[in-house]
Protein chains: 2
Amino acid sequence: MPQKQEYLSKNQQIVLSIIEKAKGPLKAYSILYNVQKKGIKAPLQVYRALEKLIEIGKIHKIESKNAFIACKNSDCEISKATAFSICNNCEHVKEIKNSKLSKYLSNFEDNSGMKYKKYNLEFFGLCRDCKLKQ
Amino acid sequence: MPQKQEYLSKNQQIVLSIIEKAKGPLKAYSILYNVQKKGIKAPLQVYRALEKLIEIGKIHKIESKNAFIACKNSDCEISKATAFSICNNCEHVKEIKNSKLSKYLSNFEDNSGMKYKKYNLEFFGLCRDCKLKQ
DNA sequence: ATAACAGTGTAATAATATAACAAATATTGT
DNA sequence: ACAATATTTGTTATATTATTACACTGTTAT
Ligand SMILES: [Zn+2]
Ligand SMILES: [Zn+2]
Ligand SMILES: [Zn+2]
Ligand SMILES: [Zn+2]
């Protein structure tokens with residue numbers, strides 16, 4: 001099985017490394033502020049890197065937050081099938097790695113018999129810590 | 001079982017009626033342009049109405065498109081559990097009404113045993129029409 | 001070499017969403 | 001009816017998120 005080519009350009013490496021170091025999802029402009037000392041000056045440079053990183057599955061976009069998080073699952077089929085849990089209180093976000101869930105959704109057929117190549121699922125609730133504190 | 005109070009204010013009615021008439025999801029500023037003749041002049045008036053309509057489950061936000069669509073399911077528990085199919089080609093969006101799916105997701109427990117009150121799922125693929133045309 | 005392609009830099013601008021404040025209207029309790 | 005409370009509205013300004021347009025650089029393939 002040939003590996004997908006994953007050479008990263010300079011800007012892509014810079015952006016990825018910021019996102020990987022972060023504890024949670026980062027917003028595009030917060031990434032921008034964080035990398036200005038490294039020569040990336042404009043939003044577009046960040047957005048272009050983000051686009052590529054999403055395409056190759058290194059990061060995902062949390063749509064409900066307009067924020068970006070590093071992929072922790074080696075088997076996220078190039079970002080085609082993603083699921084996240086999001087805490088409503090502390091905003092903690094975690095990628096869900098659950099093969100039953102991903103099989104269920106990948107094989108899901110809607111009422112007209114249609115299947116889907118790609119999905120994104122976002123769960124909202126209280127994380128364990130926040131639940132205990134209540 | 002007491003009914004939830006769903007009296008709508010003037011602006012809320014105007015915005016809802018535009019969204020219900022639309023064939024697909026509408027963007028906030030396109031709603032704004034459509035209602036300017038009816039006295040709504042500023043984005044905030046639209047966003048406030050949208051917020052309320054989402055809260056009471058009359059409409060949903062399609063997060064990946066920043067667009068808003070009327071709810072077609074009478075039993076979307078006040079927008080706590082939503083699923084959509086989105087065509088990558090023609091942008092057609094349809095709310096998925098499938099009780100097996102909603103039960104599965106509402107009862108889903110992640111690896112740490114956590115359950116979630118709310119979720120949003122977006123499926124992407126080609127709709128029937130676009131598949132045939134290919 | 002030269003065409004094709006992916007990436008870069010920069011400026012300008014578009015699109016989406018919220019903050020802050022003052023006023024009007026509706027709802028509730030007495 | 002009246003005051004107290006909560007909700008909705010109107011308006012201006014501003015914040016946040018994302019894309020267009022254009023000129024340029026470097027690498028790869030034939
Ligand atoms: Zn992933
Ligand atoms: Zn939390
Ligand atoms: Zn619905
Ligand atoms: Zn289609």
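Order of the sequence lines sets the chain letters (A, B, ...), proteins ahead of strands, with each chain counted from 1.
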Without decimals, in angstroms, what is the distance between [X] [atom1] and [N] [atom2]?
| X | N | atom1 | atom2 | answer |
| --- | --- | --- | --- | --- |
| A:Y7 | C:dG7 | OH | P | 8 Å |
| B:L8 | C:dA26 | CG | C1' | 15 Å |
| A:L53 | C:dG7 | CG | P | 10 Å |

With [X], which residues qualify under side chain to side chain donor-acceptor pair (under 3.5 Å), at least two apart?
| X | result |
| --- | --- |
| B:S9 | B:Q12 |
| A:N89 | none |
| B:S99 | none |
| A:N107 | none |

Can you list every pair that meets side-chain hydrogen bond (donor to acceptor under 3.5 Å, both in side chains) and has a residue in residues 120-132 of chain B, with sequence neighbours left out? B:S64-B:E122, B:T82-B:N120, B:N120-B:E122
Mind checking which nucleotides bracket the chain B contacts on DNA chain D, 5' to 3', with an atom under 4.0 Å from a heavy atom? D:dT8 to D:dT12
Test of understanding: with salt bridge (charged side-chain N to carboxylate O under 4.0 Å, His left out), list the residues that count as partners of B:E91, not counting sequence neighbours. B:K65
Side-chain N or O of A:S9 closer than 4.0 Å to phosphate OP1/OP2 of C:dT8: yes
How sharply is the helix from C:dA1-D:dT30 to C:dT30-D:dA1 bent, taking the axes over five pairs at either end and rounding to 10 degrees? 50°
Backbone of A:S102 reached by a side-chain donor or acceptor of A:S106 within 3.5 Å: yes
By ring pair (Phe, Tyr, Trp, His ring centres under 6.0 Å), A:Y47 pairs with (sequence neighbours left out) none
For A:L105, which fellow cluster members are found when Ile, Leu, Val, Met, Phe, Trp and Tyr are connected by side-chain heavy-atom distances below 4.5 angstrom, either directly or through intermediates? A:I96, A:L101, A:Y104, A:F108, A:M114, A:Y116, A:Y119, A:L121, A:F123, B:I96, B:L101, B:Y104, B:L105, B:F108, B:M114, B:Y116, B:Y119, B:L121, B:F123
Could you list the cluster mates of A:V93? Members are the ILVMFWY residues connected by side-chain heavy atoms closer than 4.5 Å, either directly or through other members. A:I62, A:I69, A:F84, A:I86, A:F124
Where protein sits on nucleotides 9-16 of chain C, one letter per nucleotide: B base, S sugar-phosphate only, - none, heavy atoms under 4.0 Å: BBB----B
